[in-house]
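Residue numbers start at 1 and run along the sequence shown. Whatever order the structure lists ligands and atoms in, that order sets their numbers, starting from 1.
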Amino acid sequence: MQDQDQTSATPSAWSGRFNEPVAELVKRYTASVSFDQRLAEYDIQGSLAHANMLHAVGILNAQNLLSIQTGMATIMDEIRSGQFLWSLDAEDVHLNIEKRLTALVGDAGKRLHTARSRNDQVATDVRLWLRAEIDNITPLIKNLQSALLNLAEPNAGTVMPGFTHLQVAQPVTFGHHLMAYFEMLRRDGERMIDCRKRLNQLPLGAAALAGTSYPIDREMVARELGFDGVCANSLDAVSDRDFAIEFTACAALLMTHLSRLSEELILWMSPRFGFIDIADRFCTGSSIMPQKKNPDVPELVRGKTGRVNGHLVALLTLMKSQPLAYNKDNQEDKEPLFDTVDTLNATLRIYADMISGITVKPDAMRAAALQGYATATDLADYLVKKGLPFRDAHEAVARAVRHAENRQCDLSELALDELGQFSNLIDADIYEILTLEGSLNSRNHIGGTAPEQVLKAIKTARKIIGD
Ligand code: ARG
């Protein structure tokens, strides 16, 4: 960190009340500028809206407003070009900017903080920043959904084993399987948008905690900053970070969904399954085992999910038992939140690209679906449709499966008279039912795995995301 103050004895914004300068170690411990400088542009945006309002209600004269605007433009340039000298002595992003403003424009800079506090200022900055990040993230979710649709469409009829307990259960299509993740991401996207609605309320005006004695116009500031309204209670406005927790919870769920898909990609890519191949650019080799191609990206997504879940717990723990109103604890909200956003951004970008680079191996998927008696339920349903109570049908088919297992063959490979030993309701038409395609096609209703339904679901999905 560059330090524009020459000595630690430089008075801080609040040192007037103290008899000795703050200890060096404490200064480092309490400063947040090393990370909260990330909020700088939103801090300036908030300050400009505040200054406009102070002028409109007659607290700040036109000359002062102009000085603040000019000074802030210079500061914005300095920050963007990397020229700005961030100072540890000025503690945080807010005081750094205010101090520089005063150095540039004099008294007008000192008047900016009228009718506000860093408490409502920081709450506003974080909301503005997070709102912009949510607006960056939602299109990334859509991109990933679109990549899933592009892989699902040509595989709407690609048969694979569907699993429960990771045991072969019933045949499904690969397209149908991928569409399950589309649905998860759809809810994740909706949750983000919902979170944005709740966070889009203006804290400024709450001042330190109780409001302010100046004749401020909060609605004007809210309008200028694009908030839907103002926080209705000043104590709540400066103290709660529920919006950050809610966002992180949405992010943790999204990552959890991607960690599930990652786990499947890892399994499917292992030679034991051999269902897919992931493009080389998402994998690494081993320095000792020449044959290895490791699915590093999905493994890391799985790992980084732990990191985001950790941030959620950190933020919940940070908030837990805090008395009203603002407490310095809240300064600790930023790093977990920033890291959550960074992790989510990078993961969503890389994931869409990785999904587009997947090669499907339909023969291996089909071969796996043919093992494990995936159509046993279809045989039971066939018997039920011929009048047998389901429990009896279940019992008859279980015995047939045991028989086929001893013979080491599939149900469809048993001769009609062999199958007939288990129920006299079984006729030659059973062989259509026992095929993988027969099983798939019979599940032809909304949400079912029949290829026709999967294609319909993909079409609807494209409409939903405007693809
Ligand atoms: N850096 C502080 C934070 O992030 C800003 C608010 C500080 N307010 C205070 N009264 N010390 O929360």
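- For atom 7 (C) of ligand 1, the nearest non-hydrogen atom of the protein is Tyr326 OH, 3.5 Å.
- If you check each of Asp120, Asp329, Asn119, Val122 against atom 10 (N) of ligand 1, the one with the closest non-hydrogen atom is Asn119.
- Interface atoms of ligand 1 facing Gln331, defined by a heavy-atom separation under 4.0 Å, are 1 (N), 2 (C), 3 (C), 4 (O), 12 (O).
- Under the 3.5 Å distance criterion, the side-chain polar atoms of Lys304 are left unmatched by any main-chain donor or acceptor of Met255.
- Contact atoms of ligand 1 toward Ser32: 1 (N) (distance under 4.0 Å to a heavy atom of the residue).
- Residues His50 and Gln121 have side chains that never bring a donor and an acceptor to within less than 3.5 angstrom of each other.
- Between Asp353 and Arg281 a salt bridge is recorded (basic side-chain N to carboxylate O distance below 4.0 Å).
- Salt-bridge annotation for Asp342 and Arg38: present, with a side-chain N of the basic residue lying under 4.0 Å from a carboxylate O of the acidic one.
- Looking only at protein heavy atoms, the nearest one to atom 11 (N) of ligand 1 is Arg118 NH2, 3.6 Å.
- For Asn52 and Glu224, the side-chain atoms include at least one donor-acceptor pair closer than 3.5 Å.
- The residues Asp89 and Lys99 are annotated as not salt-bridged, no charged nitrogen and carboxylate oxygen being separated by less than 4.0 angstrom.
- Contact atoms of ligand 1 toward Asp92: 1 (N), 2 (C), 5 (C) (distance under 4.0 Å to a heavy atom of the residue).
- Each of the atoms 3 (C), 4 (O), 12 (O) of ligand 1 lies under 4.0 Å from some heavy atom of Lys334.
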